[in-house]
Amino acid sequence: MSSGRTYSGLETPSFPQAIDGTMRATPRSTLVYVATGIPHFAARSFRPSLAWLGLLFAIAALGMFHLTHRALGRNWSVSLDVRENHELVTEGIYRRVRHPMYSTFWLWAVAQALLLPNWVAGFAGLAGFGVLYFGRVAREERMMLETFGDSYRVYMEQTGRIFRSIR
């Protein structure tokens with residue numbers, strides 16, 4: 001259970017609860033594909049150039065993940081809530097991007113699509129994370145505006161939502 005308040009009295013499920021049926025399907029479909037090659041009907045030819053590009057995306061995702069956790073410190077939470085003494089983090093990777101953890105997951109989903117030569121298993125990450133992202137990011141930004149007010153509005157004007165140039 002979270003030690004902070006939830007946003008506007010709405011139930012905000014923890015990250016593991018929020019990903020039931022979406023993100024949980026991604027590792028399962030990946031493991032099924034890697035172990036069995038299923039679904040066979042969706043196979044596409046392996047292209048080393050795509051795999052190398054996928055590796056670069058995976059490395060970028062891991063780097064972004066590290067930078068995000070380093071900048072957040074004790075402010076990191078798996079759930080959508082604001083805890084006591086919660087601070088608006090605007091340093092490190094947060095100087096340029098408001099939601100670098102989401103950036104990480106997008107990079108990872110693209111890496112999966114490039115690395116797995118299967119239309120279903122490869123793109124499961126994009127579909128699964130897309131559902132989570134589009135269902136959650138607006139609520140998170142409303143919560144931040146409610147909590148930090150004009151400071152967050154100014155911060156929004158100075159940063160991209162998930163990548164520097166995307167507001």
Side-chain angles (χ1 to χ4, degrees), residues 1-30 53-116 122-167:
M1 205 64 165
S2 170
S3 60
R5 67 180 176 79
T6 57
Y7 168 62
S8 296
L10 296 175
E11 274 188 41
T12 52
S14 69
F15 190 71
Q17 291 169 333
I19 61 175
D20 279 349
T22 55
M23 290 300 286
R24 285 189 183 196
T26 300
R28 288 180 186 154
S29 66
T30 303
L53 187 59
L55 180 62
L56 292 175
F57 272 89
I59 290 168
L62 292 173
M64 182 77 79
F65 185 80
H66 172 73
L67 292 173
T68 301
H69 277 281
R70 191 157 109 202
L72 276 178
R74 301 185 126 199
N75 286 302
W76 187 82
S77 171
V78 296
S79 59
L80 264 183
D81 59 10
V82 176
R83 289 179 258 152
E84 191 175 326
N85 300 321
H86 202 103
E87 299 172 5
L88 178 59
V89 177
T90 59
E91 296 300 315
I93 191 69
Y94 284 87
R95 260 183 263 171
R96 293 181 171 84
V97 180
R98 292 193 303 278
H99 302 286
M101 187 60 75
Y102 294 143
S103 308
T104 297
F105 288 124
W106 280 120
L107 290 168
W108 193 260
V110 170
Q112 179 175 320
L114 293 167
L115 287 165
L116 299 180
F123 286 88
L126 286 168
F129 181 65
V131 169
L132 174 69
Y133 173 79
F134 290 109
R136 181 173 164 143
V137 73
R139 287 187 304 145
E140 187 168 337
E141 292 218 318
R142 281 193 306 271
M143 179 186 71
M144 298 299 281
L145 282 166
E146 181 181 274
T147 303
F148 298 109
D150 288 336
S151 296
Y152 194 73
R153 273 186 196 81
V154 169
Y155 176 63
M156 289 175 76
E157 291 171 10
Q158 298 170 347
T159 57
R161 183 180 266 182
I162 57 169
F163 296 104
R164 187 176 186 176
S165 61
I166 300 174
R167 301 211 187 275

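If you read the sequence from its start, that first residue is 1, and numbering goes on from there.
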Could you measure the distance from the [atom1] atom of [X] to the [atom2] atom of [Y]? Nearest 0.5 Å is fine.
X	Y	atom1	atom2	result
F163	M64	CZ	CE	6.0 Å
Q158	T90	CD	OG1	8.5 Å
L67	M101	CG	CE	10.5 Å
I162	T104	CD1	OG1	10.5 Å
L126	Y133	CG	OH	13.5 Å
E87	L72	CD	CG	11.0 Å

Can you tell if the side chain of [X] reaches within under 4.5 Å of the side chain of [Y], non-hydrogen atoms only?
X	Y	value
Y102	R136	yes
E141	R98	yes
M156	R161	no
Y94	T159	no

Self-check item: Listed partners of R95 passing side chain to side chain contact (heavy atoms under 4.5 Å, CB included), at least two apart
Solution: E91

Self-check item: Contacts of type side chain to side chain contact (heavy atoms under 4.5 Å, CB included), residue W108, not counting sequence neighbours
Solution: A58, A61, L62

Quiz item: What is the minimum heavy-atom distance between A111 and G54, and which atoms define it?
Solution: CB-O, 3.4 Å

Practice problem: Could you go through the side-chain contact (heavy atoms from CB on, under 4.5 Å) check for F105 and L132 one step at a time? | Solution: CA-CA 10 Å; F105 288 124; L132 174 69; 5.8 Å; no

Exercise. Test Y152 against Y155 for ring-ring contact (aromatic ring centres under 6.0 Å, His included), laying out the working first.
Key: CA-CA 5 Å; Y152 194 73; Y155 176 63; 5.7 Å; yes

